[in-house]
2 protein chains.
Amino acid sequence: MSTPTASALPRPTVARLPVYLRALTTLAAAGTLRVSSTELARRTGVSPAVLRRDLSSLGQLGRRGVGYPVTALEQTISRALGLAEDQAVILVGAGHLGSALAGYTGFADRGMRVCAVLDADPRLAGARCGPTVVQSMDDVERVITETGARLAILAVPADVAQSVADQLVTAGIRGLLNFAPVDLEVPSGVSVRAVDLSTELQILAFHQAELRDEDRRAGD
Amino acid sequence: MSTPTASALPRPTVARLPVYLRALTTLAAAGTLRVSSTELARRTGVSPAVLRRDLSSLGQLGRRGVGYPVTALEQTISRALGLAEDQAVILVGAGHLGSALAGYTGFADRGMRVCAVLDADPRLAGARCGPTVVQSMDDVERVITETGARLAILAVPADVAQSVADQLVTAGIRGLLNFAPVDLEVPSGVSVRAVDLSTELQILAFHQAELRDEDRRAGD
DNA sequence: TAGATTGTTAATCGATTAACAATC
DNA sequence: TAGATTGTTAATCGATTAACAATC
């Protein structure tokens with residue numbers, strides 16, 4: 001019991017921390033030394049009360065009457081997210097989407113390092129993909145052992161997503177960012193975040209239609 | 001007051017409807033005629049109670065003792081989401097990610113039609129991109145008018161995302177799927193869904209670290 | 001000291017869960 | 001009728017909001 005067992009932050013809080021972190025990095029880059037909850041909340045689209053509550057769950061990080069120190073807060077959140085050092089991430093699927101993600105330069109300065117790209121198609125093995133080279137899925141165990149990766153991005157066709165996920169979990173992956181439009185089943189202790197583009201667009205379609213309907217009714 | 005003003009579904013419900021819809025399409029393709037709340041809930045990772053409550057907010061769609069008719073339910077949800085006919089979507093940004101999205105074939109059978117790709121770089125105008133051709137951002141007003149698009153996918157660099165979003169909103173776009181790692185500010189009446197890959201990975205990193213810490217403590 | 005702003009408490013809001021009557 | 005399963009109510013849970021004492 002050397003360190004306090006902070007643990008167990010509310011899920012919505014966890015999901016907002018990366019957003020705060022991003023805004024803080026922007027502020028730090030601009031040379032800003034301190035920021036108030038009101039200002040940081042405005043920049044991240046949350047209420048000041050939610051922001052203060054979220055931050056206070058990580059400790060007493062601000063100073064009353066003054067605000068929060070930008071750089072220190074940045075580091076505290078970064079550590080809370082487990083980003084004390086870069087996280088190794090493997091990317092599975094070297095199709096159009098996978099290649100685009102492999103070449104994405106936005107991961108590096110947010111603590112994420114795409115350390116390998118794998119594909120089931122043996123013809124792709126050895127091909128360049130972003131800054132690295134495609135390896136065979138047959139080597140998944142070795143790649144995960146060598147890189148120590150605990151996170152994976154899944155950019156494979158829907159019909160193989162579950163079986164690839166199973167392989168990855170067996171090989172030690174503990175978090176999956178899934179771009180395939182299927183609901184993955186994983187053992188407890190493994191997290192999945194799903195990014196389904198059609199789902200997102202359908203949610204937008206609903207809100208847009210809802211608003212249009214309201215207008216129509218109001219106009220009657 | 002001809003139709004009941006169902007409107008105003010809870011946000012979490014709206015976000016789950018596309019997931020139900022996807023599972024129902026799979027069931028329909030397999031020739032399944034009816035499904036129970038327990039089975040559909042299992043397939044979509046929600047609790048049966050949440051599922052029934054969500055569906056009942058759209059009307060009395062099931063039959064007690066029997067379950068829900070797959071095809072009819074599919075159509076009801078589809079209509080509720082505003083997908084009675086396909087939604088025209090424009091895609092802005094023809095870089096690596098934009099090109100991958102333009103070529104994505106998964107939109108079509110989920111009611112979404114990428115009807116145009118635009119880019120600010122005049123050198124890209126006329127280049128092939130997925131099934132279509134890149135048009136200049138100068139033509140954004142015309143393209144939106146001609147296509148009737150109300151939704152847009154934003155796959156542009158972070159530093160221009162806000163100004164591009166402003167242009168799109170001015171031109172009539174009412175829903176934005178934003179891949180740039182910035183918090184967009186939009187007028188009320190416009191919806192934004194953000195897909196920030198680093199944020200997603202950071203959330204996974206937290207859960208993975210949290211679990212590892214618990215193991216470590218338990219192992220002491 | 002006076003003004004500003006955090007950290008935290010209490011009140012409100014909203015969503016999920018449990019349970020079961022209705023009914024196929 | 002007996003078994004199954006929905007639709008809905010009441011109870012629980014959890015998150016947000018409002019407000020303000022603490023304190024810089």
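By convention in this document, chain letters (A, B, ...) are assigned in the order of the sequence lines, proteins followed by strands, and residues within each chain are numbered from 1. Treat the numbers as computed from the prediction; the structure is a model and nothing was measured.
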Structure string for DNA chain D in dot-bracket form, Watson-Crick and G-U at under 3.5 Å, | interchain: ..||||||||||||||||||||||

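- Between A:Leu101 and A:Ala155, the shortest heavy-atom contact is CD1-CB, 4.5 Å.
- Contact check on B:Glu185 versus A:Arg42 returns a salt bridge, with a Lys/Arg side-chain nitrogen under 4.0 Å from an Asp/Glu carboxylate oxygen.
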Nucleotide N/O to protein N/O under 3.5 Å, stretch nucleotides 21-23 of chain D:
residue: D:dA22; atom: N3; partner: A:Arg64; partner atom: NH1; Å: 3.0

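- For B:His207, the NE2 atom is densely surrounded, since the number of other residues' heavy atoms within 6.0 Å is greater than 12.
- Remark: A:Gln208 pairs with no residue by the side chain to side chain donor-acceptor pair (under 3.5 Å) rule, at least two apart or across chains.
- Going from atom CZ of B:Arg53 over to atom C1' of C:dC20 covers 14 Å, rounded to whole Å.
- Rounded to whole Å, the distance from CG on B:Leu55 to C1' on D:dT5 is 13 Å.
- Which of C:dT6, C:dT8, D:dG7 sits closest to the side chain of A:Gln60 comes down to C:dT8.
- Atom-to-atom, CG of A:Leu58 to P of C:dG7 comes out at 11 Å; the value is rounded to the nearest Å.
- For the residue pair A:Ile77 and A:Leu17, the shortest heavy atom distance occurs at CG2-O, 3.7 Å.
- For the pair A:Val66 and A:Thr13, nearest-nucleotide mapping onto DNA chain D gives the more 5' position to A:Thr13.
- Checked by atom type, the side-chain pair A:Thr44/B:Asp183 shows no donor-acceptor distance below 3.5 Å.
- Taking both residues in full, the closest heavy atoms of B:Gly111 and B:Leu83 are given as O-CD2, 4.3 Å, listed atom of the first, atom of the second, then distance.
- Partner B:Thr32 forms a side chain to side chain contact (heavy atoms under 4.5 Å, CB included) with one of B:Leu27, B:Thr26, B:Thr71 and no other, that one being B:Leu27.
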Criterion side-chain contact (heavy atoms from CB on, under 4.5 Å) on A:Leu177 and A:Leu154, from CA distance to verdict: CA-CA 6 Å; A:Leu177 180 53; A:Leu154 214 53; over 6 Å; no

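- Annotation for A:Glu74 and A:Ala28: closest pair OE1-CB, 3.7 Å, computed over non-hydrogen atoms.
- The stretch residues 23-52 of chain B touches DNA chain C through B:Ser47, B:Ala49, B:Val50, B:Arg52, each having a heavy atom within less than 4.0 Å of the strand.
- What separates CZ of B:Arg63 from P of D:dT8 is a distance of 16 Å, to the nearest Å.
- When all heavy atoms are compared, the tightest approach of B:Ile203 to A:Pro18 is CG1-CG, 3.9 Å.
- Within 4.0 Å (heavy atoms only), A:Leu61 reaches sugar-phosphate atoms of the nucleic acid but no base atom.
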Below 3.5 Å is the cut-off: list the nitrogen or oxygen pairs between protein and nucleotides 13-15 of chain C, distance only.
none

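- Side-chain N/O atoms of A:Arg110 and B:Thr199 include a donor and acceptor closer than 3.5 Å.
- In terms of the side chain to side chain donor-acceptor pair (under 3.5 Å) criterion, B:Gln167 has no residue partners (sequence neighbours excluded).
- Closest approach to the A:Tyr68 side chain among D:dT8, C:dG7, D:dT6 is made by C:dG7 (side chain taken as heavy atoms from C-beta onward).
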